[in-house]
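Chain letters run A, B, ... following the sequence lines, proteins first, then strands; residues in each count from 1. Note that these values count all heavy atoms, side chains included, but never hydrogens, waters or copies made by symmetry.
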There are 2 protein chains.
Amino acid sequence: MTGRRSAPLVGSLGAQVRGELLSVVRRRHQAAPGELIIEQGRPATALAMIEEGWAMRFRDLDSGCRQIMDFVLPGDFCDPCVLIAERSDFSVAAITGLTYSLIEQAELLELIRRVPHIALALWWDEAAEADRLRSHLAAVGRTNARERIAQLLIELYFRLQAIHQTIDHRFAFPLTQEMIADATGLTAVHVNRVLCRMEREGLIRRDRRALALTDFVRLQEIAHAPMALLPGRLLRQAR
Amino acid sequence: MTGRRSAPLVGSLGAQVRGELLSVVRRRHQAAPGELIIEQGRPATALAMIEEGWAMRFRDLDSGCRQIMDFVLPGDFCDPCVLIAERSDFSVAAITGLTYSLIEQAELLELIRRVPHIALALWWDEAAEADRLRSHLAAVGRTNARERIAQLLIELYFRLQAIHQTIDHRFAFPLTQEMIADATGLTAVHVNRVLCRMEREGLIRRDRRALALTDFVRLQEIAHAPMALLPGRLLRQAR
DNA sequence: CGTCGCCTTGAATCATGTCAACTACAGTGG
DNA sequence: CCACTGTAGTTGACATGATTCAAGGCGACG
């Protein structure tokens, strides 16, 4: 024990753990936009980690439409539950061109035997995703289109900022309006109306696959964003 | 290793692990309806497991309304993320009178040192909750009021059946229509209309705090329930 | 230069929300 | 035992946010 009774007891080492994982990866994989990385219902066999590009976690409903759960950004695991779940209950597809690495289950378990912390990092990731899911659910269930979209944009901003993919309040933005609709539980047409209005009001600016949050403060008010969001908000840090 | 390469590698022992946990519990706690067990934003200090009664996991939004994430039934952990999260990002409140047990963090870690499987059981629970959250999100984002409510009722039915709290398709039902509304992202008034119509159509019957799913097959069709849901659906079982 | 995916816009419609009143109990205290 | 009070459920009339359908624009790409 560390001596301090209230010392953080478990936690993620973040970048360090990711490095450890990458050290056992033989080869990187590529995926073209639209390609499926993980398919709903298929047995879970390997851990996938995004290195470059955006992906989305989603589920197809039998009514033909789909719900996007969240977006998977560089450094995120596609399926932190790979050791727990028998088969995946969601799909993951590339949005942009993608570079990712796969670690087979057997390899992963071997690695965990040497570095138990890695299991915690996965658990951590799972918990962070659950947190995001709860925020997302609250947004879809209890706020209107404008608030939901503002919330999504701000969440993406914070996550991208954490991996240094923003300049000021601007970042590359590969999502179609239909994807935003599938994530927020709206129709593409309505998403369009809301985005256009936001632009007219000077809240955002869009050009050439990029997005700028030109009035970040007001956007945060609209989103009711309580404060700096996910990256490291609620999670115990080791050391 | 077990010999079979595809053998389940990790997993939950379910009831056995729960028994193990209960063996270290000194005293049971009680809570009256409405009482808070876990409060959003407070440091996470102990693992809570429901023994009797229903609770709900929810979040208050600053617009004053709330979103219920899911319901916590006997045998469920309130906060499987207690070892991972610095502070809780949701609240848990008693719906009925409640009996639950608390296991302090230090105690829990000690127990895990002796029985590492317990950590997996918690992780498992976390993953099961994430799965439920994804289904819930898809329902709220992409289905109408009738489908959502049917889905909720059927999910509760399956979970209660798994713990032997159903007789035929009937079970004690302590939720108010406002709670159903807060869970499904609707208003209490609209929930009322939908429930009344379901009753008129012979899908359900309500009386004295109990609910009967009188036309289970049709209800399942409405809910698009793909098949037997959560309990043990996607999860590796040890042995 | 035609095609295709994505974005944009308008008009009509629909699902759900809002407001408001009223009923039915269960609990409480006199 | 009754009068009060409060919570939950029910119902109607009306308002509105979001969807649907439909048409057209615009840029990328073969």
Charged N-O contact under 4.0 Å between Arg59(B) and Asp131(A):
yes
Within residues 175-196 of chain A, the residues having a heavy atom closer than 4.0 Å to DNA chain D are Gly185(A), Leu186(A), Thr187(A), Val189(A), His190(A), Arg193(A)
Pair Asp60(B) + Arg66(B), salt bridge at N-O below 4.0 Å
no
What's the angle between the local helix axes at either end of the helix from dC1(C)-dG30(D) to dG30(C)-dC1(D), using five pairs per end and rounding to 10 degrees?
40°
Pairs where residues 144-154 of chain B contributes a residue and the test salt bridge (charged side-chain N to carboxylate O under 4.0 Å, His left out) is met, not counting sequence neighbours:
Arg146(B)-Glu201(B)
Could you pull out all residues at least two apart from Ala130(B) that satisfy side-chain contact (heavy atoms from CB on, under 4.5 Å)?
Glu126(A), Leu133(A), Arg134(B)
Hits for side-chain contact (heavy atoms from CB on, under 4.5 Å) against Thr166(A), two or more places apart or cross-chain, chain-then-number order -> Tyr157(A), Leu160(A), Gln161(A), Phe171(A)
Please identify each residue that fulfils side-chain contact (heavy atoms from CB on, under 4.5 Å) with Pro33(A), with sequence neighbours left out.
none
Those residues at least two apart in sequence (or on a different chain) that pass ring-ring contact (aromatic ring centres under 6.0 Å, His included) with Phe90(A) are none
Using the closest heavy atom to pick a nucleotide of DNA chain D for each, name whichever of Arg142(B) or Glu199(B) lands nearer the 5' end.
Glu199(B)
Walking along DNA chain C from 5' to 3', note the first and the last nucleotide with an atom under 4.0 Å from a heavy atom of chain B, and give both.
dT16(C) to dC19(C)
Per-pair distances, 0.1 Å, donor-acceptor, side chain in residues 72-82 of chain A, under 3.5 Å, sequence neighbours excluded:
| unit_1 | atom_1 | unit_2 | atom_2 | d |
| --- | --- | --- | --- | --- |
| Asp76(A) | OD2 | Leu73(A) | N | 2.9 |
| Asp76(A) | OD2 | Arg159(A) | NH2 | 2.7 |
| Asp79(A) | OD1 | Ala48(A) | N | 3.1 |

Please name all residues satisfying side chain to side chain donor-acceptor pair (under 3.5 Å) with Asp207(B), sequence neighbours left out, ordered by chain then number.
Arg170(B)
Protein-to-nucleotide contact annotation, 5' to 3' order, nucleotides 24-30 of chain D [B base; S sugar-phosphate only; - none; under 4.0 Å, heavy atom]
-------
Quick one: which residue pairs count as a salt bridge (charged side-chain N to carboxylate O under 4.0 Å, His left out) with a foot in residues 172-181 of chain A, not counting sequence neighbours?
none
